[in-house]
Amino acid sequence: MNSQPYKEIIEQKLTTLTTELNEIGYYEEKNDNWEALPAEDNNEPDADPNINADKVEAWNERRSTLDALEKEYRSYERALQKIEKGNYGICEIAGEPIEEARLKVKPDARTCIAHMEEESNLAL
Ligand SMILES: [Zn+2]
């Protein structure tokens, strides 16, 4: 199959994801992962426990959004690597071609439609 159109979609998606990640977090090179930014203003504990709780909650929310974005980023990064290795669009469960209809909806799909359910069991 021609993976070139998917490559463009994937690269665009990675650019968008990088922008989104940078809005709420920062990349930590030594751990090779993303960390959520602390509160926008400052990270000092506030005298008011309610304000403090709000800050913690905001940070927790940011962290969970960041985790989801990072997961998506890794998935698209893997898809790009597969294009480079020449095994893009091949089901990782049984090695058959992944339906183009599936790749159009989910360019980072790792399995064909028949093996969709098993995708979450694949090693990262
Ligand atoms: Zn399959």
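We count ligands from 1, going down the list as the structure has it; atoms in each ligand are counted the same way. Being a predicted model, the structure only gives us computed values, none of them experimental.
Of all non-hydrogen atoms in Tyr88 and Ser3, the two that sit nearest each other are CD2-CB, 3.8 Å.
In terms of modelled atom types and a separation under 3.5 Å, the side chain of Arg62 and the main chain of Pro38 share a donor-acceptor contact. Panel note: side chain Glu99, backbone Ile113; a donor-acceptor pair is recorded below 3.5 Å.
Ionic pairing of Glu92 and Arg78 is not present here: no N-O contact between side-chain nitrogen and carboxylate oxygen is shorter than 4.0 angstrom. Between Asp108 and Lys71, no side-chain nitrogen of the basic residue sits less than 4.0 Å from a carboxylate oxygen of the acidic one, so the salt-bridge criterion is not met.
Heavy atoms of other residues, nucleotides or ligands lying less than 6.0 angstrom from CD of Glu29 number 12 at most.
Of all protein N, O or S atoms, those under 2.8 Å from the Zn ion (ligand 1) number 4.
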